[in-house]
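Here, residue 1 is the first one in the sequence, and each next residue gets the next number.
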Amino acid sequence: QVDLVESGGGSVQAGGSLRLSCAASGYAWNRHCMSWYYEDPGKFREGVAAIEKDGTGHYSDSARGRFTISLDNAENTLSLQMSSLKPGDTAVYYCAADSGPGGRPGPFLGCSDVRSWGQGTQVTVSS
């Protein structure tokens with residue numbers, strides 16, 4: 001029931017920053033663990049960051065220290081502030097909502113596997 005629409009992707013130089021946004025809607029969308037995944041061509045989607053309902057954030061080793069995930073319930077928006085971007089960050093980034101408490105364990109502590117995906121937004125980082 002969760003609908004997700006990403007925006008904010010673009011092209012930047014290495015070391016630059018981008019802020020990705022995910023407009024979320026649907027019944028009780030904010031009761032889900034929300035996350036960001038990325039997909040490089042030829043590879044499966046991998047978790048980048050996730051945020052629990054209490055605001056606790058989780059990050060991949062690569063994202064930790066550079067990216068910040070946040071939720072703005074008033075604006076129904078999930079965001080990913082990306083700083084110190086590297087060429088390796090180039091990928092399509094997807095907003096995701098988990099399956100809820102009854103779902104299978106997901107890649108991030110406190111989150112289950114993904115149930116809903118956004119359409120993705122392209123991030124390109126040039127060296």
Side-chain angles (χ1 to χ4, degrees):
Q1 296 186 40
V2 179
D3 295 323
L4 307 168
V5 180
E6 301 96 333
S7 63
S11 298
V12 298
Q13 292 283 314
S17 300
L18 283 174
R19 184 177 179 86
L20 306 183
S21 296
C22 173
S25 62
Y27 184 75
W29 69 269
N30 58 350
R31 295 182 182 179
H32 293 264
C33 174
M34 304 295 293
S35 60
W36 288 94
Y37 282 68
Y38 84 134
E39 182 177 306
D40 208 6
K43 298 182 178 181
F44 55 87
R45 296 179 187 180
E46 299 182 3
V48 176
I51 186 166
E52 299 181 48
K53 294 176 287 294
D54 66 355
T56 301
H58 302 280
Y59 302 90
S60 67
D61 290 341
S62 178
R64 190 174 298 109
R66 299 188 299 126
F67 298 175
T68 301
I69 188 170
S70 62
L71 274 173
D72 187 335
N73 290 331
E75 298 185 6
N76 300 326
T77 301
L78 173 73
S79 297
L80 183 69
Q81 179 64 48
M82 309 168 70
S83 300
S84 301
L85 285 163
K86 307 173 182 179
D89 296 321
T90 296
V92 177
Y93 284 74
Y94 295 87
C95 177
D98 77 348
S99 300
R104 302 172 183 176
F108 298 104
L109 182 66
C111 304
S112 61
D113 61 322
V114 174
R115 176 63 180 273
S116 302
W117 296 98
Q119 86 287 350
T121 185
Q122 177 71 49
V123 171
T124 302
V125 184
S126 303
S127 61

Item checked: Spatial distance of atom OG1 (Thr124) from atom CG (Leu85) [nearest 0.5 Å] -> 10.5 Å

Next item on the list: State whether the side chain of Ser112 and the backbone N or O of Gly100 hold a donor-acceptor pair below 3.5 Å, judged by distance alone.
Entry: yes

Check: Closest approach of Asp98 and Arg115, non-hydrogen atoms and distance?
Finding: O-CB, 3.7 Å

Note to self: Looking at Lys43, is its backbone amide N or carbonyl O close enough to the side chain of Asp40 to form a donor-acceptor pair, meaning the two atoms are under 3.5 Å apart?
What the structure shows: no

Next item on the list: Output the distance between atom SG (Cys111) and atom NE2 (His58), rounded to the nearest 0.5 Å.
Entry: 5.5 Å

Next item on the list: Classify the side-chain pair Asp113/Ser99 by whether it contains a donor and acceptor separated by less than 3.5 Å.
Entry: yes

Check: Under 3.5 Å, is there a donor-acceptor pair between the side chain of Thr90 and the main chain of Val125?
Finding: yes

Item checked: Heavy-atom pair with the smallest gap, counting every atom of Leu109 and Glu52 -> O-OE2, 3.4 Å

Notebook entry, point to check: Minimum heavy-atom separation for Leu20 to Val123, with atom names?
Noted result: CD2-CG2, 3.9 Å

Next item on the list: Over 60° means perpendicular and under 30° means parallel, so classify the ring planes of Tyr93 and Phe67, tilted if in between.
Entry: perpendicular

Notebook entry, point to check: Considering residues at least two apart in sequence or located in another chain, which fulfil the salt bridge (Lys or Arg N to Asp or Glu O under 4.0 Å) criterion with Asp54?
Noted result: none

Next item on the list: Enter the distance from Met34:CE to Ser70:OG here, rounded to the nearest 0.5 Å.
Entry: 11.5 Å

Check: Would you say the side chain of Cys95 lies within less than 4.5 Å of the side chain of Trp117, judging by non-hydrogen atoms?
Finding: no

Notebook entry, point to check: Among the clusters formed by ILVMFWY side chains lying less than 4.5 Å apart, do Tyr94 and Ile51 turn up in the same one?
Noted result: no

Check: From Ser25 OG over to Leu4 CG, what is the distance, rounded to the nearest 0.5 angstrom?
Finding: 7.5 Å

Note to self: How long is the straight-line distance from SG of Cys22 back to CG of Asp72, given to the nearest 0.5 Å?
What the structure shows: 12.5 Å

Next item on the list: Output the distance between atom OG1 (Thr121) and atom CG (Leu80), rounded to the nearest 0.5 Å.
Entry: 11.0 Å

Notebook entry, point to check: Does OH in Tyr38 sit with more than 12 non-hydrogen atoms of other residues, nucleotides or ligands closer than 6.0 Å?
Noted result: no

Notebook entry, point to check: Glu39 side chain to Ala91 main-chain N or O, any donor-acceptor pair under 3.5 Å?
Noted result: no

Next item on the list: Search all heavy atoms of Ser35 against all heavy atoms of Ile69 and return the closest pair with its distance.
Entry: CA-CD1, 4.2 Å

Check: What is the minimum heavy-atom distance between Pro107 and Tyr37, and which atoms define it?
Finding: CG-OH, 3.0 Å

Next item on the list: State plainly whether the residues Arg64 and Asp61 are in salt-bridge range, i.e. N to O under 4.0 Å.
Entry: yes

Check: Shortest non-hydrogen contact from Thr77 to Ser21?
Finding: CG2-CB, 4.1 Å

Next item on the list: Indicate if Met82 and Val12 have the same hydrophobic cluster label, given that clusters are the connected sets of ILVMFWY residues with side-chain heavy-atom separations under 4.5 angstrom.
Entry: yes

Check: Between Gln119 and Glu6, is there a donor-acceptor pair closer than 3.5 Å when you use the side chain of the first and the backbone of the second?
Finding: yes

